[in-house]
Protein chains: 2
Amino acid sequence: MAASVSTREAILAAASALYAERGYDGVSMRDVAAAVAIQPASLYHHFKDKDALILAALEHALSAKAVIGRDILLKQEPLEQRLNAFVDWLVRLFFDDPAFARMTIRGALDGNDQRRAYLAKTVIEGVFAPLAQLISELSDALDPGLTAASIFSLVAGHFQLASTFVHLPRELRALAQADALSAHIKSLIGRSLDLAKPSEPAP
Amino acid sequence: MAASVSTREAILAAASALYAERGYDGVSMRDVAAAVAIQPASLYHHFKDKDALILAALEHALSAKAVIGRDILLKQEPLEQRLNAFVDWLVRLFFDDPAFARMTIRGALDGNDQRRAYLAKTVIEGVFAPLAQLISELSDALDPGLTAASIFSLVAGHFQLASTFVHLPRELRALAQADALSAHIKSLIGRSLDLAKPSEPAP
DNA sequence: GTCTATACGCGGATAGAC
DNA sequence: GTCTATCCGCGTATAGAC
């Protein structure tokens, strides 16, 4: 049984990476099997069908990260510091692990109902709700729920734009640096919430 | 030749809608042919292969919209009014035409290099650049390029989150209304740029 | 320009031996 | 729990008649 658990883990790790890279449809069961160096038929011992494997891979990739994000938001630190730390973490998460980022985005875009429901539940209950709560304590300038959604949108959106920007002249590609984006988003959100206002003129 | 042009148009319209709905891999040439009520083989008279059809469909869906957005940004009106009108238009564009929205997002996520390059070129040259220009004239509180990217990110991100929120309790689903989002984004951006500051407390 | 017919490989999935 | 062998449908794409 110990062996089977680790095979299962290996399958999930390989599948997550492949799905993130090429999409669910772009990765066959044969591809996953090859990455783990087992026969395709063996996958079906661990997962009922491809749909079940996809769901498990999504869960595998997501659940661990959600816990970390939640911890940052609930730490014993000043509110604003927690918010900034969360933004830093989220930007890093996406840019340092593009596979994870794409997997998350894909979950919302390509997911069937079951996958989207899982994604929503995990992310919302684990991270979205505490973030909105923190924002509501920080300021009443903007709606907390919408603002929390805006933070996710900004990080995910900039990440996606960065992929597109690769095909563009240098001056636009400079926009896609994680540090610069992190600073920009913190500044944007901080200013709109009437927190301390760092000025951020163009370099 | 007149007949062939209109068949071509019909193919592009059908293909755009299908691709937006189910993704490029999720839509077969047979599917497209069925939607236009012709035989699959006939598609290959109009488009060399599936890749060519996808690129043409993307172009078909995108080019017209980019012109409209550009016009709004270059209109003879006060800067802030133009910015707000643009945000309104972009939010409406995504929420009233989810097929188009998904197609655009997919272009960035699933596209091969050629598709991403086309997407980047059209959107950047047509809309992104004028938007950044407008922002730079409005305020120097934030970097114009990053802020322009933030506006796209916010609209696209909220749109994607809205799809996920469908599976959630009512109080969160309320966040996904186009009007509310439009107001929120305008407020968020306006406040962060130090424009007139409408307060937007939670309802 | 559209059709019928068809080639051919890849995909998911199962049966059953070891 | 992993293997070999295999089924079968669907996908892209082409040939060639009308």
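Lettering of chains follows the sequences in order, A, B, ..., and the numbering in each one begins at 1. Remember, predicted model here, so these are calculated numbers, not experimental data.
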Given that Q39(A) and V27(B) both sit by DNA chain D, which one's nearest nucleotide is further toward the 5' end? Q39(A)
Taking 4.0 angstrom as the limit, do D179(A) and R92(A) come out as a salt bridge? yes
Just to confirm, is there a sub-4.0 Å distance from OP1 or OP2 of dG1(C) to any side-chain nitrogen or oxygen of T7(B)? no
Measure from [atom1] on [X] to [atom2] on [N] and round the result to the nearest Å.
| X | N | atom1 | atom2 | result |
| --- | --- | --- | --- | --- |
| K48(A) | dG12(C) | NZ | C1' | 12 Å |
| R8(A) | dG1(D) | CZ | P | 12 Å |
| L43(B) | dG11(D) | CG | P | 13 Å |
| H45(B) | dA15(D) | NE2 | P | 16 Å |
| Y44(B) | dA15(D) | OH | P | 13 Å |
| F47(B) | dT14(D) | CZ | P | 16 Å |
| M29(B) | dT6(C) | CE | P | 21 Å |
| D49(A) | dG11(C) | CG | C1' | 14 Å |

Can you tell me which nucleotide in [options] comes closest to the side chain of [X]?
| X | options | result |
| --- | --- | --- |
| H46(A) | dT2(C), dG11(D), dT2(D) | dT2(D) |
| A41(A) | dT4(C), dG11(D), dT14(C) | dT14(C) |
| I38(B) | dT12(D), dA13(C), dC3(C) | dC3(C) |

Would you say the side chain of K65(A) lies within less than 4.5 Å of the side chain of D97(A), judging by non-hydrogen atoms? yes
Tell me what S42(B) touches on the nucleic acid: a base, only sugar-phosphate, or nothing, going by heavy atoms under 4.0 Å. base
Have D194(A) and S139(A) got a donor and an acceptor in their side chains that come within less than 3.5 Å? no
Checking side-chain polar atoms at under 3.5 Å, does H158(A) have a donor or acceptor matched by the opposite partner on S150(B)? yes
Rounded to the nearest 0.5 Å, what separation is found between the CZ atom of R8(A) and the NE2 atom of H60(A)? 10.0 Å
